[in-house]
Protein chains: 2
Amino acid sequence: MLTAEREQRILQLLRDSDVLTVGALSEALEVSEATIRRDLQGMHERGLLERIHGGAAFKPDAMPEPLFADKQEQFTEAKQKIAAAALAMIRDYDTIFLDGGSTILKLAQLLESRRHLTVVTNSLMAAAQLMESGHHLILCGGEFRALSRTLVGPLSKPILESIAVDKAFMGTIGFTLSDGMSTTDANEAFTKEQVMRRAKQVILLADHSKFGTRSLVRCQLDRPLDVLITDAIDDKLRQALVDLGTEVVVSDGSC
Amino acid sequence: MLTAEREQRILQLLRDSDVLTVGALSEALEVSEATIRRDLQGMHERGLLERIHGGAAFKPDAMPEPLFADKQEQFTEAKQKIAAAALAMIRDYDTIFLDGGSTILKLAQLLESRRHLTVVTNSLMAAAQLMESGHHLILCGGEFRALSRTLVGPLSKPILESIAVDKAFMGTIGFTLSDGMSTTDANEAFTKEQVMRRAKQVILLADHSKFGTRSLVRCQLDRPLDVLITDAIDDKLRQALVDLGTEVVVSDGSC
DNA sequence: CCTTTATTGATTGATTTTGATTGAATATAG
DNA sequence: CTATATTCAATCAAAATCAATCAATAAAGG
């Protein structure tokens, strides 16, 4: 029996009985409990059902359109790998910040596999993604910037100042050795700076297309970046960053 | 038997008999009393029932808060009319606050017909609606509350204090003459209070089903409500509100 | 045909849930 | 108000369930 077929039948059975045990499903579909668990895990990560200890429960609103959705995407595969490498740095009960940007959004999608996180973010897309995740979710306020779907500007300052995050996962428009991170909007840069100043560890997620390009406004950071996660980087830039004290992670397929 | 299944049956039994002892539940579900106690504690924390010494009681006057994902909304027509009446109070270039709730969301949908508004909100649904509207959009920060999809709690205070809105359009779970507005969550009530304190004019949008019902936490307001917009109201309540200085608007089809 | 990849079921140690026991807290009766 | 009887929350060991791992099998591709 194919995976897709099993999933269809599981959903059908769930609609009938609301709650099902792993054992009952294993018997009904004539596969082992291990397989059922794998199916349930996968379906849970896609939001198709509630996973409970001992079985699964029906989720009334199976997959509504994600709020604040945005379509165009580039380098999705590279971004996926970068996000996976970033996920490896997150432990249960961590307090993290998620910046805007599509790479960070991919990371947000992976956070279902962690528990009891406190997630602070200025990205409405990330927030929408984590809405039903069960994690403690805090949004910094501020002016809404439609282009990036983030909250930016001076209004975000008071909240960000009253919060201390362990790890801040940042995105960027451009990155050069001389100027560091840069972005297109002054308010956006301001908010990024607020976040990074208060974070124990600043982790930049940037695919190779960002290197060497520079945007309008620099994001000043009073110390070197803690970690850079990317998909590919030339040795010269890499060595320069390492010399500054930045850990450089190149995510290959192994993650 | 799974946790979710037990919880469903407990709620079912409670609807039938209002009050149940731990022993009776233990016998009915064939689990130990310790397990029942743990279940009751968890359900009490989520506001699903009232915990009393020796057992559990059905929550008589705690209206189940409508879940946002719920497709089948109640009184949509009435809410539409109320929103239309509220829209009539908004001029171009106004600075307004939008609360959470489905009625306010309908109002947000109508705001396309205005220009150059500054909209402050704690509702992610309203923000999603206004994303592409061209209005200046500001979100107050705070903890995300999944049930209402709003940002609530003490973290929202600094932003709300630094902003002065002309008109605050508020929703509520319950409304009574003696207690005023009430809602199910203390943090939510706190944020509502912050907003109303700073607003020049407080405008409550509530359909008739809200009157006479009361939820857990009161939202204190240090002055009478400025305007109440509803679809139907009995003369006694109306006169009492008018005597307090509240303008009562009943939206018929004419809007 | 052989190699590579993906899927399955079994096994393992780790985690979660459960029921029993305890002393503390609460309610009831006198 | 005190004494007694319940009920409660905390703790612990046993049972159930889980995620991770591994070998066997099936499928895909060269």
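What you see is a predicted model, and the numbers here were worked out from it, not measured in a lab. Just so we're on the same page: letters track the sequence lines, and every chain starts at 1.
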### Query
What's the verdict on salt bridge (charged side-chain N to carboxylate O under 4.0 Å, His left out) for A:Asp231 and A:Lys81, showing C-alpha distance, side-chain angles and the deciding distance?
CA-CA 7 Å; A:Asp231 58 329; A:Lys81 281 179 189 166; over 6 Å; no

### Task
Could you check A:Glu161 against A:Arg198 for salt bridge (charged side-chain N to carboxylate O under 4.0 Å, His left out), going step by step and ending with a plain yes or no?
CA-CA 7 Å; A:Glu161 275 182 341; A:Arg198 296 279 304 155; over 6 Å; no

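At C:dT16, none of the side-chain N or O atoms of B:Arg38 fall inside 4.0 Å of OP1 or OP2 (strictly under the cut-off). Residue B:Thr35 places at least one side-chain N or O under 4.0 Å from the OP1 or OP2 atom of C:dG19. Look at A:Arg37 and you won't find any side-chain N or O under 4.0 angstrom from OP1 or OP2 of C:dT8.
Nearest nucleotide to the side chain of A:Arg51, out of D:dA19, C:dA27, C:dA10: D:dA19. Of the candidate nucleotides C:dG19, C:dT26, C:dT17, C:dT26 has the atom nearest to the side chain of B:His53.
Whole-Å rounding puts the B:Glu5 CD to D:dA16 P distance at 17 Å. Distance, B:Met1 CE to C:dG19 C1': 15 Å, rounded to whole Å. Atom P of nucleotide D:dA19 and atom CG of A:Asp39 are separated by 13 Å, given to the nearest angstrom. Atom P of nucleotide D:dT17 and atom CG of A:Leu20 are separated by 14 Å, given to the nearest angstrom. For B:Gln41 and C:dT17, the CD to C1' distance is 14 Å, given to the nearest whole Å. When rounded to the nearest whole Å, the span between CD1 of B:Ile36 and P of C:dG19 equals 9 Å. For the pair B:Leu29 CG and C:dG19 P, the computed distance is 11 Å after rounding to whole Å. What separates CD of B:Glu33 from P of C:dT17 is a distance of 21 Å, to the nearest Å.
A salt bridge links A:Glu7 with A:Arg46; the closest basic N to acidic carboxylate O contact falls under 4.0 Å. Using a 4.0 Å cut-off between charged side-chain N and carboxylate O, A:Glu5 and A:Arg9 make no salt bridge.
Taking for each of B:Ala34 and A:Gly54 the nucleotide of DNA chain D with the nearest heavy atom, the 5'-most of the two is the partner of B:Ala34.
Within the nucleic acid shown, B:Ile52 comes within 4.0 Å of sugar-phosphate atoms alone, with no base atom in reach, counting heavy atoms only. Backbone-only contact: B:Gly55 has heavy atoms under 4.0 Å from sugar-phosphate atoms and none from a base.
Taking the side chain as every heavy atom from C-beta outward, B:Arg6 and B:Thr35 approach each other to under 4.5 Å.
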